[in-house]
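Letters A, B, ... are given to chains in the order of the sequence lines, protein chains preceding strands, and every chain is numbered from 1. Note that the structure is a prediction, hence the values are computed from the model and not measured.
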There are 2 protein chains.
Amino acid sequence: MGVRERKARDRKEMRDTILKSAYRLFLEKGFDDVSIRNVAEAIEYSPATIYLYFKDKNEIIHALHSQGFGLLNKHFQPLYKISDPFKRLSEMGKAYIRFAIKNAEMYKLLFVRSEPMEHLAGCDDKNWEEGDSAFDALSQTIAQCQQKGYFKKFDTHQFSMMVWSFTHGLCALRLSGHLGHVKEEREGKRKLDQIMNETLETFIHTLEKLKQ
Amino acid sequence: MGVRERKARDRKEMRDTILKSAYRLFLEKGFDDVSIRNVAEAIEYSPATIYLYFKDKNEIIHALHSQGFGLLNKHFQPLYKISDPFKRLSEMGKAYIRFAIKNAEMYKLLFVRSEPMEHLAGCDDKNWEEGDSAFDALSQTIAQCQQKGYFKKFDTHQFSMMVWSFTHGLCALRLSGHLGHVKEEREGKRKLDQIMNETLETFIHTLEKLKQ
DNA sequence: TGTTTTTATAAACACTGTTTATCATTTAAC
DNA sequence: GTTAAATGATAAACAGTGTTTATAAAAACA
């Protein structure tokens with residue numbers, strides 16, 4: 001009696017179809033400009049059908065949110081091969097920024113939007129593996145830096161929060177369009193990517209001076 | 001013939017009434033949950049009347065955006081009395097964070113939303129006094145720090161961008177609800193304000209070590 | 001076969017930003 | 001003071017949104 005199994009498969013398939021289509025539309029049109037009706041039209045079903053597979057729009061957002069963290073963790077994977085922890089930290093910064101620029105809408109969903117966090121707060125299950133995993137990668141690298149003599153007098157967790165704050169701030173300012181509107185950047189003709197690289201380099205140099 | 005003058009006064013008064021009412025509603029309900037109809041109802045006029053005084057919703061947003069930068073600059077005013085530049089820099093960080101928390105919706109409008117920046121990009125007049133003024137206050141303080149021996153080998157502008165990125169990042173993570181969802185913060189029972197203070201202190205200590 | 005459960009949808013509800021045609025009031029001109 | 005033009009305000013409509021509900025078709029089970 002494989003009917004239940006097949007139905008479960010069909011259901012998952014439909015959910016995937018919806019998510020895939022929604023994500024493609026989000027990349028095309030930006031997050032705020034995609035409606036349930038758009039998604040429904042793209043998969044050639046009626047809008048009401050979407051609600052048979054997802055409770056509401058927030059559940060779709062949250063599902064994509066989870067997928068996005070998986071994507072981010074994948075982007076970090078190659079960096080774990082770098083043995084020098086400070087070099088790895090530096091490359092993690094660059095990779096984080098690359099991810100934010102290449103997947104702008106997804107980055108906003110992961111770290112700028114507050115809906116996913118509110119949804120998470122409503123869940124009973126307070127564990128949040130995807131998010132923790134990314135932050136742990138940073139914390140562990142910083143702990144290893146400390147073993148090599150960097151930022152020795154600092155608390156590992158607090159220092160990680162500091163590094164994350166900086167890197168996120170830089171990405172957020174870029175994605176919201178604020179970077180290019182600072183006077184010096186308006187007048188100079190540096191490209192946004194260059195500004196970000198220089199600012200990151202400045203931060204890295206700052207950290208570099210904290211050895212011993 | 002003071003008719004034109006009186007009409008201009010009336011017009012400005014109506015615009016102020018609309019803006020004041022809109023801002024009050026934004027503080028109450030959050031930015032996304034305020035509609036033109038809400039504003040119209042609050043001032044006891046029809047929705048269509050709003051469009052006699054503002055081209056569209058974006059123009060209201062932009063007007064509030066300008067007012068918001070005025071408010072931020074006012075918050076910084078008292079700090080200019082502090083003669084020690086590094087102490088002033090440190091206090092500016094605290095003041096910035098206080099402003100972001102106390103005026104959360106306004107902060108999001110000023111630094112998180114991209115609409116105002118897009119609106120600004122569409123304007124012919126590329127000058128943007130309010131925004132420049134706030135950033136200049138930071139740059140000048142950092143330049144004075146450098147004269148006192150701090151971060152001497154760094155470019156003033158790039159260092160300012162770095163400091164702003166960190167501070168904004170911390171505020172943005174707080175306002176989007178991401179701060180409290182880091183594993184250590186979920187498990188520990190530190191309050192968000194305390195986390196922010198500790199992270200800012202970590203950053204200040206980092207900068208402090210860059211003397212000479 | 002008949003009955004129940006599942007799946008899909010059209011239509012509706014209560015919203016949104018914005019535009020247009022209409023009406024009343026105020027200003028200007030004679 | 002009367003008339004014509006400009007202004008101010010609005011009701012109604014348009015096209016869109018997220019979501020719910022009643023209805024019809026299809027599939028699963030007995």
S.K.: Indicate whether the side chain of A/Gln140 and that of A/Gln144 have a donor and an acceptor atom separated by less than 3.5 Å.
M.R.: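 No pair is found: no donor N or O on one side chain lies under 3.5 Å from an acceptor on the other.
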S.K.: Which residue, B/Tyr150, B/Phe154, B/Phe166, forms the ring pair (Phe, Tyr, Trp, His ring centres under 6.0 Å) with B/Phe159?
M.R.: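 Testing B/Phe159 for a ring pair (Phe, Tyr, Trp, His ring centres under 6.0 Å) against B/Tyr150, B/Phe154, B/Phe166 leaves exactly one candidate, B/Phe154.
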S.K.: Please list, pair by pair, any protein nitrogen or oxygen found under 3.5 Å from a nitrogen or oxygen in nucleotides 18-23 of chain D.
M.R.:
{"from": "D/dG18", "atom 1": "OP1", "to": "A/Ile36", "atom 2": "N", "distance (Å)": "3.2"}
{"from": "D/dG18", "atom 1": "OP1", "to": "A/Lys57", "atom 2": "NZ", "distance (Å)": "2.9"}
{"from": "D/dG18", "atom 1": "OP2", "to": "A/Ile36", "atom 2": "N", "distance (Å)": "2.9"}
{"from": "D/dG18", "atom 1": "N7", "to": "A/Arg37", "atom 2": "NH1", "distance (Å)": "2.7"}
{"from": "D/dG18", "atom 1": "O6", "to": "A/Arg37", "atom 2": "NH2", "distance (Å)": "3.1"}
{"from": "D/dT19", "atom 1": "OP2", "to": "A/Tyr51", "atom 2": "OH", "distance (Å)": "2.8"}
{"from": "D/dT19", "atom 1": "OP2", "to": "A/Lys57", "atom 2": "N", "distance (Å)": "2.9"}
{"from": "D/dT19", "atom 1": "O5'", "to": "A/Tyr51", "atom 2": "OH", "distance (Å)": "3.3"}

S.K.: Examine the side chains of B/Asn38 and B/Ser35 and answer whether a donor and an acceptor come within less than 3.5 Å of each other.
M.R.: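 Short answer, yes.
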S.K.: Output a table of nitrogen or oxygen pairs between the protein and nucleotides 6-9 of chain D separated by less than 3.5 Å.
M.R.:
{"from": "D/dT7", "atom 1": "O3'", "to": "B/Lys7", "atom 2": "NZ", "distance (Å)": "3.4"}
{"from": "D/dA9", "atom 1": "OP2", "to": "B/Tyr53", "atom 2": "OH", "distance (Å)": "2.6"}

S.K.: Please work out which of the three classes, parallel, tilted or perpendicular, describes the rings of A/Tyr96 and A/Phe111, given edges at 30° and 60°.
M.R.: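 A/Phe111 and A/Tyr96: tilted rings.
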S.K.: Any side-chain heavy atom of B/Val112 sitting closer than 4.5 Å to one from A/Val112?
M.R.: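 Counting from C-beta outward, B/Val112 and A/Val112 do come under 4.5 Å.
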S.K.: Taking CG from B/Asp32 and C1' from D/dT17, how many angstroms apart are they, rounded to a whole number?
M.R.: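 In whole Å, D/dT17 C1' lies 13 Å from B/Asp32 CG.
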S.K.: Take the angle between the ring planes of A/Phe86 and A/Phe151 and call it parallel below 30°, perpendicular above 60°, tilted in between.
M.R.: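 Answer is tilted, since the angle falls between 30° and 60°.
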S.K.: Report the distance from atom CD of B/Glu59 to atom C1' of C/dG17, rounded to the nearest whole Å.
M.R.: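 Taking CD of B/Glu59 and C1' of C/dG17, I get 15 Å after rounding.
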S.K.: Return each pair, listed once, that meets salt bridge (charged side-chain N to carboxylate O under 4.0 Å, His left out) where at least one residue sits in residues 43-67 of chain B; pairs must be two or more places apart or across chains.
M.R.: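 Output for this query lists B/Arg15-B/Glu59.
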S.K.: Calculate the interatomic distance between B/Phe54 atom CZ and C/dG17 atom P; express it in whole Å.
M.R.: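 The answer, rounded to whole Å, is 15 Å.
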S.K.: Taking only side-chain N and O atoms of B/Arg6, does any of them lie within less than 4.0 angstrom of OP1 or OP2 on C/dT27?
M.R.: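 Result: yes.
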S.K.: Does the side chain of A/Ile195 come within less than 4.5 Å of B/Met161's, by heavy atoms?
M.R.: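 The answer is yes; the side chains approach within 4.5 Å.
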